[in-house]
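First comes the structure, then the notes that go with it.
In this chain, residues are counted from 1 in sequence order.
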Amino acid sequence: MQIVGLVAMSHSPSWDLSMDHQGPGARYVAAVSQARELARAALPDAIVVFGPDHCRNFFFDLMPAFCIGAETLAGFGDYSSPAGPLPAATALARGLAESLMERGFDPALSLRMGVDHGITQAYGAVDPTLATPLVPVLVNCAGPPMPSLRRCHGFGQAVGRAIRAMPGAERVLVVGSGGLSHSPPSVSPDDPLLSADNRDYVINGRGRARDFNAAREQASIARRKLGGVGPINEAWDGWFLQRIATGDLEPILAMSSEELLAQAGVGGQEVRAWMAALGAWDAPVANLAYEPVPTWITGMGCISAFA
């Protein structure tokens, strides 16, 4: 098999995947649109998406560092993201899980995996048909113990090597979803500011995820209508993208979770997905775009590269 391209991109609850978006966020959406066209031209047979979950499908009763979805996949549908059944690249997913164990990694394997906008927004952005078979790879970015940035990059490298070692001529697109700097409400059970009810939910909330999410979305919409914006660290976002542009990832990989939190906020922990995708690609990146969008509470970045 071969990896034909890389896309790494931010996601936001404020974006409904429309490519004719006007106003704040339009420059970011234009960059994603360009990446979509390049992805379409690359003719991938499967898409591997590294991304987080926001305690809609995965909870702290048992939170894996990495989990590969391999059979039945379903989009949660939060924030206008793709909902319902999604096509699974089952053979590729199972092959990755087996190969990774031989390469020193032990990801969880899910045969019935739900995915929220942390994975499906990026998937829908690069393939609006939702027809290309998908391998979702959860990366725990929600709360301790989170895999280090270096571990995520090494995991991605192992994924890339495993794909390239598989027989066949299938073409695989690798995608990373998350970040850049932003600070939505925390879902970490170790956060002392998390309310008792929310802490109970992130541990025991599987049975009430739909109702809880409905209230969560309404609260998010209300905050934005009142002009609520999130803190964005443009300087750090620029530094992060410059390291990627030059290929000098070591300063990023050396960052601790605490340093990342201080610089990029709660949601900045999601750049773990970018590090995994970059590890799988393991080659230079050509296209970088960035737009801070306060009303989307996020520094919105998009990078892409194609063989």
Side-chain angles (χ1 to χ4, degrees), residues 1-8 44-53 58 62-71 73 88-113 115 118-119 122-123 132-142 144-178 243-244 247-250 252-257 269-285 303 305-307:
M1 293 187 184
Q2 58 180 315
I3 297 177
V4 296
L6 159 76
V7 177
D45 299 296
I47 301 175
V48 175
V49 181
F50 299 92
D53 182 78
F58 288 84
L62 181 61
M63 179 66 75
F66 307 106
C67 182
I68 298 172
E71 196 165 298
L73 307 178
T90 299
L92 173 58
R94 284 184 172 273
L96 283 176
E98 183 175 340
S99 179
L100 286 166
M101 294 187 72
E102 297 172 355
R103 297 170 188 269
F105 291 89
D106 303 290
L109 183 70
S110 175
L111 302 186
R112 184 172 61 85
M113 183 167 166
V115 283
I119 285 176
Y123 173 62
T132 307
L134 169 67
V135 178
V137 184
L138 168 80
V139 181
N140 174 23
C141 306
M146 291 181 281
S148 70
L149 290 162
R150 192 179 302 280
R151 183 68 171 172
C152 291
H153 187 256
F155 176 77
Q157 287 180 315
V159 169
R161 291 170 185 146
I163 291 171
R164 294 181 178 101
M166 290 182 185
E170 288 84 358
R171 301 163 65 83
V172 178
L173 175 67
V174 172
V175 177
S177 174
R243 300 284 74 72
I244 292 173
D248 180 20
L249 299 183
E250 180 56 33
I252 299 174
L253 302 181
M255 292 186 75
S256 67
S257 294
Q269 303 287 358
E270 294 173 348
V271 299
R272 286 170 166 79
W274 284 51
M275 290 298 103
L278 284 164
W281 176 242
D282 206 20
V285 174
I303 65 174
F306 290 85

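Side-chain atoms of Asn140 never come within 3.5 Å of backbone atoms of Pro147 as a donor-acceptor pair (strictly under, hydrogens ignored). Not a single donor-acceptor pair under 3.5 Å links the side chain of Arg161 to the backbone N or O of Ala158. Here the side chain of Gln269 pairs a donor or acceptor atom with the backbone of Ser257 at under 3.5 angstrom.
Of all heavy-atom pairs between Gly118 and Ser177, the closest is O-OG, 2.6 Å.
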Inset, instruction - Show your reasoning for whether side-chain hydrogen bond (donor to acceptor under 3.5 Å, both in side chains) applies to Arg103 and Ser99. - result: CA-CA 6 Å; Arg103 297 170 188 269; Ser99 179; 2.9 Å; yes

Legend entry - Worked check of side chain to side chain contact (heavy atoms under 4.5 Å, CB included) between Asp45 and Leu92: CA-CA 10 Å; Asp45 299 296; Leu92 173 58; over 6 Å; no

Inset, instruction - Could you walk me through whether Glu170 and Ile163 pass side chain to side chain contact (heavy atoms under 4.5 Å, CB included), step by step? - result: CA-CA 10 Å; Glu170 288 84 358; Ile163 291 171; over 6 Å; no

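The aromatic rings of Phe50 and Phe155 sit perpendicular to each other, their planes meeting at more than 60°, with 30° as the lower class boundary.
Counting heavy atoms from C-beta on, the side chains of Leu138 and Met113 come closer than 4.5 Å. Side-chain contact check for Val137 versus Leu96: every heavy-atom pair is 4.5 Å or farther apart. For the pair Phe66 and Asp106, the minimum side-chain heavy-atom distance is 4.5 Å or more. Between Arg151 and Met275 the shortest side-chain heavy-atom distance does not fall below 4.5 Å. With a 4.5 Å cut-off on side-chain heavy atoms, Leu149 and Val271 count as touching.
Rounding to the nearest 0.5 Å places CZ of Arg150 at 12.0 Å from OG of Ser256. Interatomic distance, CD1 of Ile119 versus CD1 of Ile47, reported as 12.5 Å (0.5 Å rounding). For the atom pair CZ of Arg272 and SG of Cys152, the computed distance is 6.0 Å after rounding to the nearest 0.5 Å.
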